[in-house]
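Every chain is numbered from 1, with letters handed out A, B, ... down the list of sequences.
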Number of protein chains: 2
Amino acid sequence: MSKNKKVTSYDVAREAGVSQSAVSRVFRPGLSVSQKTREKVMATANKMGYRPNAIARMLITKQSGMVAVIVSSRANENYPEVLSQVSKQLAARNKRVLLFTLDDADGVDDLFEQIWTFQVDGVIALAAHFESQRLAQFEQHKVPVVLYNRNVPDASTNTVCCNHEHGIKQLLAELKLNNPQSYLVLSGPTDSDVANERREITLDLLEKMGEKNVHVLYGDYTYQSGRDCLAQWLKKHSAPDAVVCSNDTMAIGVIDEIRENHNIHIPNDMSVVGFDGIASSFWQSYQITTIKQPVEQLVKAAVDMLLEHIENSDSPPEARVLTGTLIKGNSVKRP
Amino acid sequence: MSKNKKVTSYDVAREAGVSQSAVSRVFRPGLSVSQKTREKVMATANKMGYRPNAIARMLITKQSGMVAVIVSSRANENYPEVLSQVSKQLAARNKRVLLFTLDDADGVDDLFEQIWTFQVDGVIALAAHFESQRLAQFEQHKVPVVLYNRNVPDASTNTVCCNHEHGIKQLLAELKLNNPQSYLVLSGPTDSDVANERREITLDLLEKMGEKNVHVLYGDYTYQSGRDCLAQWLKKHSAPDAVVCSNDTMAIGVIDEIRENHNIHIPNDMSVVGFDGIASSFWQSYQITTIKQPVEQLVKAAVDMLLEHIENSDSPPEARVLTGTLIKGNSVKRP
DNA sequence: TCATTTATTGCATTCGAAGTCATTATTACG
DNA sequence: CGTAATAATGACTTCGAATGCAATAAATGA
């Protein structure tokens, strides 16, 4: 029945007839306390409903035990799974998630203010785009950061990423089995680094394959944009043999648009591939041929890396690239 | 170029030739500081890269500015949207989100420990089940809490919820247009309060409508469980005329199962309804008749309520019930 | 049993900003 | 110009737990 004010370590100490230090030591693991006082303190602490105040602890230890997780609105549909994994895996390492959602570029200034003032131990950014000068700030403030799902060429930042080139190569090989004569590349928004990377890799590979008949359209990763792009295209052009989408959601949109408004059969008349391996890409009605990102391993890599840098502030930046798995769905004809 | 240690208000004060109090005042809005010192302090602060330490502030003000958001694994597919809304709306009210994911009942003890130690200003629980004795703890610790998407009968807790009864009534009325002879109710998991509520309401209403041929199956809110339940059922029984699913994801599973393995046409031979109005329920290939939850308004209600209780600790508990909108899709035949 | 090592304990200080209060600088006004 | 009212400022204390250090108790060995 705690009346009105919070119970502090002093209150417990007084009640248990020990010093405040003793109480503190009982609640810190691995410190020298006799069995007798430990029990005595624990008993009174429980009785009084005492819980150590993490804020005070943070102030003195200079470790907040919190990791800022930044979710950009450009993160695609697999972000809920990623976020849930991040939370779980950080919890297992005794870190809490301070969540920030980033809507537009405007919010970045404020976001960074928050990050510095909240003294987070580290930062994980999901698919967010930061200028390199922003990234430099992390170093200045000595806050370790890991970029999830982003490749930074200059290699001075910690990144975890799925191997886009390898994945897209596999997808294109799968498409090539049917020897398509025309390609439509459905890119994500140009303000998404991942989208740009996927598009450029796709175009490069297609060029290397000697494909001439390649066109690019720009969506925004959403279902509707997948539909709209395809509808738009078919108004003026004939159907492409293969559609390469930068993510599964747009691929689903493409499939639905074709189904509703056009007399084209997938995969017989047209092939569609996606990327990510989100849950709905496996649904019976779609069964998209795609690359499934190894989310759990990616997150594990990100968390491991972040904690390494938190514990060891001078470990060098690192880029980990994991390989996704090709899912042979039913949106590409199998000869 | 901050060398190694963090810049504190004292450092800025010394550099700017003022007292620490002055620096503090500059960074607190609405306090009496002359234009001259304000500028002087701001200048040196910027030069030195000073940011107020939120941890220290929390300690003295006894306000962490953080709200714990608990996401239960039982939260269904619309939780990413909810979470994103929560984060946005709390940010607008100058609160940060400390995210906790709750996997199983085991984690609850630990979760509550964390909540108390981190001195959060309030808690929003998404679709989580807590024993009433747990809820009492919030009161003891004087931490305001709002349960999202949960109805608690005893009314001593703040809750925000979609009007299940009204919604389900509309869905059943929609089904009734085809005068179905048999109903299959596909419930969510029994350890989810929302699932139980939706199921019981459904059964009550069906009984009041005088329907005799009603059967219940239990899934776990997932796509696969929707498929499995229906497959299982059809092995031994004939197809029901109407399937009432506790959420959209299972409804999608039901539709896909029918499409793949059975010669039954939806909606001509069988009607299916869902609940939630998740994005994929609108997709062309499904177009489920469902109730769309007013997520933004629900979250706004939750956030408003929480902040009201944070600012005014003796305001009485409140239950807000918002009404969802019936989406007339294509999974129920329209006479 | 006594000296010596080792395990416990308490005191006092620290973390960094905020707020109280008394003091000083400004302004307003008769 | 003097006085009252107001604004601005700084010294000092506070929040609650952690920790270095010194003091004390327990354990070990001779």
Please determine whether a side-chain nitrogen or oxygen atom of A:Ser24 lies at a distance below 4.0 Å from atom OP1 or OP2 of D:dA18. yes
From CG of A:Leu31 over to C1' of D:dT19, roughly how many Å is that when rounded to an integer? 9 Å
Atom CD1 of A:Ile55 and atom C1' of D:dA18: how far apart are they, to the nearest Å? 15 Å
How would you give the extent of chain B contacts on DNA chain C, as first and last nucleotide 5' to 3' within a 4.0 Å heavy-atom cut-off? C:dG16 to C:dG19
Whole Å only: how far is the CG atom of A:Asn53 from the C1' atom of D:dA17? 8 Å
Would you please confirm or rule out a distance under 4.0 Å between OP1 or OP2 of D:dG16 and any side-chain N or O of A:Tyr50? no
Please pick, from D:dA18, D:dT9, D:dT14, the nucleotide with the shortest atom-to-atom distance to any side-chain atom of B:Thr37. D:dT9
Starting at atom CG of A:Asp11, determine the distance to atom C1' of D:dA17, rounded to an integer number of angstrom. 13 Å
Contact nearer the 5' end of DNA chain D, comparing B:Gln20 with B:Leu59: B:Gln20
In plain terms, say whether A:Asp304 and A:Arg93 are close enough for a salt bridge, that is, a side-chain N and a carboxylate O under 4.0 Å apart. yes
For residues 19-27 of chain A, run the donor-acceptor check on the side chains, cut-off 3.5 Å, and write out each pair with its distance to 0.1 Å, sequence neighbours left out.
residue: A:Ser19; atom: OG; partner: A:Ser21; partner atom: N; Å: 3.4
residue: A:Ser19; atom: OG; partner: A:Ala22; partner atom: N; Å: 3.2
residue: A:Gln20; atom: NE2; partner: A:Ser9; partner atom: OG; Å: 3.4

Output the rounded distance in Å from CZ (B:Arg57) to P (D:dC15). 19 Å
Can any side-chain N or O of B:Asp110 pair as donor or acceptor with the backbone N or O of B:Gly107 at less than 3.5 Å? no
Need one value for A:Ser32: base, sugar-phosphate or nothing, where a base atom within 4.0 Å counts as base even if backbone is also close, heavy atoms only. base
Whole-Å distance between D:dA17 C1' and A:Lys62 NZ? 15 Å
Could you check whether A:Thr37 and A:Ser34, counting side-chain N and O atoms only, form a donor-acceptor pair closer than 3.5 Å? yes
Kindly state whether the ring of B:Phe138 and the ring of B:Phe112 have centres lying under 6.0 angstrom apart. yes
So what does B:Val23 touch, heavy atoms closer than 4.0 Å: a base, only the sugar-phosphate, or nothing? nothing
Under a 3.5 Å cutoff, is there a donor and acceptor pairing between the side chains of B:Asn158 and B:His309? yes
Over all strands shown, is B:Arg25 touching base, sugar-phosphate only, or nothing at heavy-atom distances under 4.0 angstrom? base
I want to confirm an ordering. Mapping B:Gly17 and A:Thr61 to their closest nucleotides on DNA chain D, which one lands closer to the 5' end? B:Gly17
Between the base of D:dA11 and the side chain of B:Ser21, is there any donor-acceptor pair under 3.5 Å? yes
Taking the cut-offs as 6.0 angstrom to the six-membered ring centre and 45 degrees off its axis, would you call A:Arg96 and B:Phe118 a cation-pi pair? no
